Participant: 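Pasting a structure below so you can have a look.
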There are 2 protein chains.
Amino acid sequence: MSKVTLEDVSRAAGVSRSTASLVLRGNTRIPESTADRVRLAMAELGYVYNRHAANMRRRESMTLGLIVTDIRNPYFAGLTMSIEEAAHQAGYNLFVGYSRDDVERQYVQLETMVQQQVDGVFLLPATGSELSPVCGIVDRSEVPVLQLARYFSDELDYVGPDNLLAGQQLAQHLSSLGVGSAILIGGPEPSSARAERIRGLEAGFAGSGVSFDPSVSAATTNNAAGGSEGIAGILDQGIWPDCLIAYSDAVALGIYAELRRRNLEPGRDVSVASFDDITMAELLLPPLTSVATYPERIGREAAELLLKRIRDPSMAPQRSHISPALKVRASTAQWRPRP
Amino acid sequence: MSKVTLEDVSRAAGVSRSTASLVLRGNTRIPESTADRVRLAMAELGYVYNRHAANMRRRESMTLGLIVTDIRNPYFAGLTMSIEEAAHQAGYNLFVGYSRDDVERQYVQLETMVQQQVDGVFLLPATGSELSPVCGIVDRSEVPVLQLARYFSDELDYVGPDNLLAGQQLAQHLSSLGVGSAILIGGPEPSSARAERIRGLEAGFAGSGVSFDPSVSAATTNNAAGGSEGIAGILDQGIWPDCLIAYSDAVALGIYAELRRRNLEPGRDVSVASFDDITMAELLLPPLTSVATYPERIGREAAELLLKRIRDPSMAPQRSHISPALKVRASTAQWRPRP
DNA sequence: CTGTTAGCGCCTTCAA
DNA sequence: TTGAAGGCGCTAACAG
């Protein structure tokens, strides 16, 4: 029975309600003996602090929302876990919703979170997200929204990997290997992340003589099925580049599998590289060259920024880019140019 | 400004507050013309329904809590996503906490969820969970707790895989292959799931002549690192069984990697099998034999049960076991007895 | 340091 | 059908 109220506690402890309330909030001006008596009474009566009631007055709920597309991709799982950790550390509880990359679903989730009075929302936007519907939902309550890993608006905060640099690092590595041609496989077409990675790759390949045409590759879902589909589409056209650049490690897993279905061996018949560097990349055979994008750091940084934004809603929109790091492994390092 | 209240709306629409409230809840006895006027006013004023305020009166928050250990394991990620889906479908928002298999952390998360007035909690218990601290936190508010995938008490509801049957199915498959000896690798020692899988394996191997001694294998964390560590411990003792049974696919991934570091090939030098059948199992080389335990079904079933429990707190504790299905793949099927 | 008072926004009840 | 009133549990503001 969550029926034990602060009033009951204060009565049992022989103090006023305001005193009990102050003890709860750790006020130091209350003498220790009184505070102890109050705490004892709370324990004995089985008192449970009701945050909803507190919220009615304080106008903050100590909850945050997180909407991501799909956590079966370990990259997003790591991101989610680090955000949860930072939120809890700051005393917030976290509502989580999975949009499954469906915009409508995402908007519904955003709406219910706003109704639940969240103090802020981390949004890893579904493809097709736009500012105006988001604002329509959010502006009425002035809930700050932070864009995670992908962005669709300059007016909202953003924290994500430095995709441009990541693309550049990877391209430079590949051209140094003597790769003659490379193709990007998969990834959600309209995402800022994919566009940035492409721009980075183009910049990195510039002047190296490596042929790289981003328009060849079709967009796919960001998972293994997308990778299989993407590489199948390329091979079925009779195209056979020296290097396959997966949009992400999740996509690369599908590329490995599809290559083998066709009796091709990744790392030998074609080099393969990717982005994210999830744990699995290193454990695959051959180990997968990947650009680490550090989801844990992105999560920590995002939490820090959103909390700052909650404190100061008038601050100008911020963008934060986390530096990537290339991890060279056998999937590219063992590959040799065809004679 | 979540300052627009139902009173403002009713004033603007020229109706009473109770009428506006009834429109919100979809009452049909209100004439459509009136309802439309109210809805129009809500839209024009930018009204946001405040669930906290509603909760003060209705004594339900329309929120549920979910505490899992770690979603970087795709098995738990799938479980989490299916629970979120079912919760949203039923109109609930979901608080999520990751215990990282730390009991103390788990208790803190449980406590803050209770303070947030959750109507129920899904708990995938951290190793070392016990009934009395959980009850200490939960009983005061009478929040129902459902045990997910592992259990530590008969007094709480439970939904998880039928681990006994899963172990049996796998053992029978292995003995039919002519395996002479098998060892279980990894998994959290004190978990009900591990104990049940062992019992199932023992039952399945009984009378087959396959040597299987569960005491040989050390417990580990439920991830790739645990798998590598587990198999390393076995091989370093000079033990070399015909078959390695991983506690889970996540563990199996580490086994594959460690075997290869030692120039052993899974599926040829030793057969490997596992539990869970996450997407990756099929994509590995060699594809991994695994017993599917269907996290999506478990999640759906769990959500159904918890919602029923919320409606009827006096119901006797329920346990629900989801049937597994063996997926035979090359990691065992291609293995041949050593001469 | 304590007690009192007045809400936060909504829902329920009762009377009109 | 509508209006008025009371209260959910807490906190803030003020007067003792």
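Both backbone and side-chain heavy atoms feed into the values below; hydrogens, waters and symmetry mates do not. Lettering of chains follows the sequences in order, A, B, ..., and the numbering in each one begins at 1. These numbers were taken from a predicted model, which means no experiment stands behind them.
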Participant: Within the 4.0 Å heavy-atom criterion, would you say A/Arg17 contacts the bases, only the backbone, or no part of the nucleic acid?
Facilitator: base

Participant: For B/Asn55 and B/Thr34, find the nucleotide of DNA chain D closest to each by heavy atoms; which residue's nucleotide sits nearer the 5' end?
Facilitator: B/Thr34

Participant: To the nearest Å, give me how far apart CD (B/Glu60) and C1' (C/dC11) are.
Facilitator: 12 Å

Participant: Of the listed nucleotides (C/dC11, D/dT11, D/dC10), which one gets closest to any side-chain atom of B/Tyr49?
Facilitator: C/dC11

Participant: Relative to the 5' end of DNA chain D, which residue comes earlier, B/Ser16 or B/Arg57, by the nucleotide with the nearest heavy atom?
Facilitator: B/Ser16

Participant: For B/Leu79, which of B/Leu124, B/Ile71, B/Asn73 qualifies under side-chain contact (heavy atoms from CB on, under 4.5 Å)?
Facilitator: B/Leu124

Participant: Assign A/Ser18 to base, sugar-phosphate, or nothing according to its heavy-atom contacts below 4.0 angstrom with the strands shown.
Facilitator: base

Participant: Taking only N and O in the side chain of A/Thr19, is any of them less than 4.0 Å away from OP1 or OP2 of C/dC1?
Facilitator: no

Participant: As a test of reading the structure: which of D/dC8, C/dC11, D/dA12 is closest to the side chain of B/Arg58, going by heavy atoms?
Facilitator: C/dC11

Participant: If each of B/His52 and A/Gly14 is mapped to the nucleotide of DNA chain C with the nearest heavy atom, which maps nearer the 5' terminus, i.e. the 5' end?
Facilitator: A/Gly14

Participant: Of the nucleotides D/dT11, C/dG9, D/dT2, which one has an atom closest to the side chain of A/Ser21?
Facilitator: D/dT11

Participant: Nearest-Å distance, CZ (A/Arg51) to C1' (C/dC8)?
Facilitator: 18 Å

Participant: Inspect the contact between B/Asp70 and B/Arg72 and indicate whether a charged nitrogen and a carboxylate oxygen are less than 4.0 angstrom apart.
Facilitator: yes

Participant: Just compare C/dC10, D/dT11, D/dG9 and give me whichever is closest to any side-chain atom of B/Leu6.
Facilitator: C/dC10

Participant: State the CD-OH distance between B/Glu60 and B/Tyr92, to the nearest 0.5 angstrom.
Facilitator: 5.5 Å

Participant: Nearest whole angstrom, please: distance from the C1' of D/dG7 to the CZ of B/Arg59.
Facilitator: 11 Å

Participant: Could you work out, with salt bridge (charged side-chain N to carboxylate O under 4.0 Å, His left out) as the rule, every residue matching B/Glu301, not counting sequence neighbours?
Facilitator: none

Participant: Considering only D/dC8, C/dC11, D/dC10, which nucleotide approaches the side chain of A/Ala53 most closely?
Facilitator: D/dC10

Participant: Could you give the CD-to-C1' distance, from B/Glu7 to D/dA5, as a whole number of Å?
Facilitator: 13 Å

Participant: In whole Å, what is the span from the CE atom of A/Met42 to the P atom of D/dC10?
Facilitator: 11 Å

Participant: Given atom CG of B/Leu22 and atom P of D/dT1, what is their separation to the nearest angstrom?
Facilitator: 11 Å

Participant: Name the closest nucleotide to the A/Tyr47 side chain, picking from D/dC10, D/dG9, D/dT11.
Facilitator: D/dC10

Participant: B/Met56 CE to C/dT12 P: how many Å, rounded?
Facilitator: 14 Å

Participant: Do A/Arg300 and A/Glu296 sit within salt-bridge range, that is, some charged N less than 4.0 Å from a carboxylate O?
Facilitator: no

